[in-house]
Amino acid sequence: MAYKIALYPGDGIGPEVVAEAEKVIKKVKLDCTTTKFDWNSSLYAKIGHCAPEDFIEQLRGFDAILLGALGNKDKAPEHVAVEPLLMMRKNFDQYVNIRPSVLLPGVGTPLKDKKEFDIDLVCIRENTEGEYTTLGGRHYVGTQQECAMQINYFTRIGVERIIRYAFETAKKRVKKHVTSITKSNVLKYSMVMWDEILEEVAADYPDIKYTKMYVDAAAMNLVRCPETFDVIVASNLFGDILTDISAIVTGGIGFAGSANLNPTREMPSMFEPVHGSAPDIAGQQKANPIAAIMSCAMMIEFLGEKEIAKKIEAAVIEHLKDDKVKTPDRGGNNKTSEVGDDIVARL
Ligand code: NAD
Ligand code: IPM
Ligand code: MN
């Protein structure tokens, strides 16, 4: 049966990079139907949101969603523009955010003495709760007594399932090592509970090594010795921040793909580059489309077409090794579409 894929290019460089992923989908002849949704920050002036009110219902019947990026501060407040992204993660219970960072051949790193594949880690980021809640409020706005509260919540179910997912991921990898990142020396309710649950889950996986690390040390170690990480498990906000670091030490944000998974498959999963809408280069064909293409490969793998996904990754690696067709983030002069065409030609 043909897979039903929703394409949601969004704002800024989103449409430019999704166009390249679309070429890849066509080239590999994936048995699918694609439906494009033209939702972005321009809708804000008309409807006060950046996606139609029933957009979750419109997307519910799809097998997967491929998102470009959201955000255009000239057209909509930033926190309104990214709401649809957060709503998809929560409403479709996409509780696992998988963010691999691999130093691929032909890709430069700002770190010295690191060779291809020296860095090969994956962050399993909690994606539905933690610091990313809409609980809280502002009081006495504009007065001297003004107060803002932003409330975090961590549930036993939410913490347990993400830590378990990380251990299951480690089981399939060579190093079999989970690093759990918290700030439990300070956040004495939420992250002390996280640590307790970690111990409980770890007891079910005697063959998996695990390490506890504070987020400040993790930020340092991702620069100092990224090769020592295998599987990272982190809360929503910590995972967000740390994966920009792991992206930059493996070549840059233009390479980082990600998957927002609902492992039950009862609702659609969503695939998107880690990067944002990059307003500084939008509309100029300067964006690196590899993050979007890698996200597309992750989508195809999740749909069950593992061989096709491998072919796409192999074509990207061949393209990188050749090192000729490059967008400006890699020191080249080529256009987004030329990078996409070069990868497609290798498929
Ligand atoms: P950003 O990722 O958009 O840009 C940061 C820097 O990285 C910029 O210099 C940009 O030019 C560069 N960059 C990003 N993607 C690139 C690519 N594919 N190729 C080459 N260079 C690339 O982050 P930001 O500037 O903090 O945010 C801009 C907007 O995007 C904001 O509205 C923010 O809220 C939004 N945002 C959205 C997402 C998402 O949709 N998933 C993620 C992050 C940020
Ligand atoms: C990301 C982004 C989002 C996040 C924003 C745009 C809501 O930074 O996917 O990394 O914080 O999760
Ligand atoms: Mn981010």
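All residue numbers refer to positions in the sequence shown, counting from 1. In this text the structure is predicted, and so the values were computed from the model without any measurement. All ligand and atom numbering here is 1-based and tracks the order in the structure.
- Residue side and main chain included, D240 places an N/O/S atom under 2.8 Å of the Mn ion (ligand 3).
- The ligand atoms of ligand 1 that sit less than 4.0 angstrom from a heavy atom of A287 are 19 (N).
- Atom CD1 of I290 and atom CG of L320 lie 4.5 Å apart (nearest 0.5 Å).
- With respect to R164 and D204, a salt bridge is recorded, a charged nitrogen being found less than 4.0 Å from a carboxylate O.
- Checked for salt-bridge contact, R89 and E272 meet the test: a charged N lies under 4.0 Å from a carboxylate O.
- Here the CZ atom belonging to R173 is positioned 11.0 Å from the CD1 atom belonging to I208, to the nearest 0.5 angstrom.
- Atom CG of L347 and atom NZ of K27 lie 7.0 Å apart (nearest 0.5 Å).
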request  = Check the pair F117 / L104 against side-chain contact (heavy atoms from CB on, under 4.5 Å), numbers first and verdict last.
outcome  = CA-CA 6 Å; F117 299 113; L104 294 172; 4.0 Å; yes
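- Panel note: side chain Q150, backbone G136; no donor-acceptor pair is recorded below 3.5 Å.
- In terms of protein heavy atoms, atom 6 (C) of ligand 2 is closest to V82 CG1, 3.6 Å.
- The distance from ligand 1 to the heavy atoms of G71 drops below 4.0 Å at these ligand atoms: 32 (O).
- Contacts with ligand 2 closer than 4.0 Å are made by no heavy atom of E131, backbone or side chain.
- No heavy atom of A81 sits closer than 4.0 Å to any atom of ligand 1.
- Under 4.0 angstrom from ligand 1, the non-hydrogen atoms of N288 come from both its backbone and its side chain.
- Considering backbone and side-chain atoms together, P273 places no N or O closer than 3.5 Å to any N or O of ligand 1.
- A distance-only check finds no donor-acceptor pair linking the side chain of S277 to the backbone of A69 [under 3.5 Å].
- Rounding to the nearest 0.5 Å gives a distance of 7.5 Å between CG of L66 and CD1 of I5.
- Here the protein heavy atom with the shortest distance to atom 7 (O) of ligand 1 is I253 CG2, 3.7 Å.
- With rounding to the nearest 0.5 Å, the separation of OG in S180 from CD1 in I163 is 5.5 Å.
- With hydrogens and angles disregarded, a donor-acceptor distance shorter than 3.5 Å links the side chain of D11 to the backbone of S41.
- Between E227 and K175 no salt bridge is recorded (no basic side-chain N to carboxylate O distance below 4.0 Å).
- Here the straight-line distance linking atom NZ of K172 with atom CZ of F167 works out to 14.0 Å at 0.5 Å rounding.
- When heavy-atom distances to ligand 1 are checked against a 4.0 Å cut-off, H275 comes that close through both its backbone and its side chain.
- A cation-pi arrangement is present between R265 and F302, with the terminal nitrogen or guanidinium carbon under 6.0 Å from the aromatic centre and inside a 45° cone about the axis.
- Contact between I290 and ligand 1 is absent, with no heavy atom of the residue lying under 4.0 Å from the ligand.
- At a distance under 4.0 Å, no protein heavy atom can be found next to atom 25 (O) of ligand 1.
- When each atom of ligand 1 is checked for a heavy atom of E272 under 4.0 Å away, the hits are 41 (N).
- Residues S190 and N152 bring no donor and acceptor atom of their side chains to less than 3.5 Å of each other.
- Proximity of atom 5 (C) of ligand 1 to the protein is not indicated, since no non-hydrogen protein atom lies closer than 4.0 angstrom.
- Distances below 4.0 Å separate heavy atoms of Y132 from the following atoms of ligand 2: 4 (C), 11 (O), 12 (O).
- Under a 4.0 Å criterion applied to the non-hydrogen atoms of V274, ligand 1 contributes the atoms 42 (C).
- Interface atoms of ligand 1 facing I13, defined by a heavy-atom separation under 4.0 Å, are 15 (N), 16 (C), 17 (C), 18 (N).
- By the 4.0 Å N-to-carboxylate-O rule, K171 lies too far from D207 to be salt-bridged with it.
- For ligand 1, the atoms closer than 4.0 angstrom to any heavy atom of A69 are 40 (O).
- The part of P279 lying near ligand 1 is the side chain, judged by heavy-atom distances below 4.0 Å.
- In terms of N/O distances under 3.5 Å, ligand 1 is approached by A278.
- Distances from atom 18 (N) of ligand 1 to the protein include at least one heavy-atom value under 4.0 Å.
- Below 3.5 Å of separation, one finds an N or O of E78 facing an N or O of ligand 1.
- Taking all heavy atoms of N260, L85, L70 into account, the minimum distance to atom 3 (C) of ligand 2 is reached by L85.
- Using a 4.0 angstrom heavy-atom cutoff, E78 does not count as in contact with ligand 2.
- Between D341 and K23 there is a salt bridge, since at least one side-chain N of the basic residue sits less than 4.0 Å from a carboxylate O of the acidic one.
- Considering backbone and side-chain atoms alike, N72 places every N or O at 3.5 Å or more from each N or O of ligand 1.
- Among protein heavy atoms, atom 8 (O) of ligand 2 sits closest to D240 OD1, 3.3 Å.
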message = Could you walk me through whether I197 and R156 satisfy the side-chain contact (heavy atoms from CB on, under 4.5 Å) test, starting with their C-alpha distance in whole Å, then the side-chain angles of each, then the deciding distance to 0.1 Å, before giving a yes or no?
response = CA-CA 8 Å; I197 297 171; R156 175 166 280 276; 3.7 Å; yes
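- Contact annotation: for V17 versus ligand 1, there are no heavy atoms closer than 4.0 Å.
- The residue among I281, I248, L70, V339 with a heavy atom at the shortest distance from atom 37 (C) of ligand 1 is L70.
- At a heavy-atom distance under 4.0 Å, only side-chain atoms of L85, from C-beta outward, approach ligand 1.
- Distances from atom 23 (O) of ligand 1 to the heavy atoms of G276, P77, S258 show the closest one on G276.
- Taking atom 1 (C) of ligand 2 as the reference point, the nearest protein heavy-atom neighbour is R99 NH2, 3.3 Å.
- Within a 4.0 Å radius of atom 15 (N) of ligand 1, the protein has at least one heavy atom.
- At a cut-off of 3.5 Å, with distance as the only test, no side-chain donor of W194 or S184 sits close to an acceptor on the other residue.
- Salt bridge absent: K321 and E116 never bring a charged side-chain N and a carboxylate O closer than 4.0 Å.
- At least one heavy atom of V82 sits closer than 4.0 Å to an atom of ligand 1.
- In terms of protein heavy atoms, atom 11 (O) of ligand 1 is closest to D280 OD1, 2.8 Å.
- Assignment of K73 to the shell around ligand 1 is not supported, since no heavy atom sits closer than 4.0 Å.
- Of the candidates E272, R89, H275, it is R89 that places a heavy atom closest to atom 9 (O) of ligand 2.
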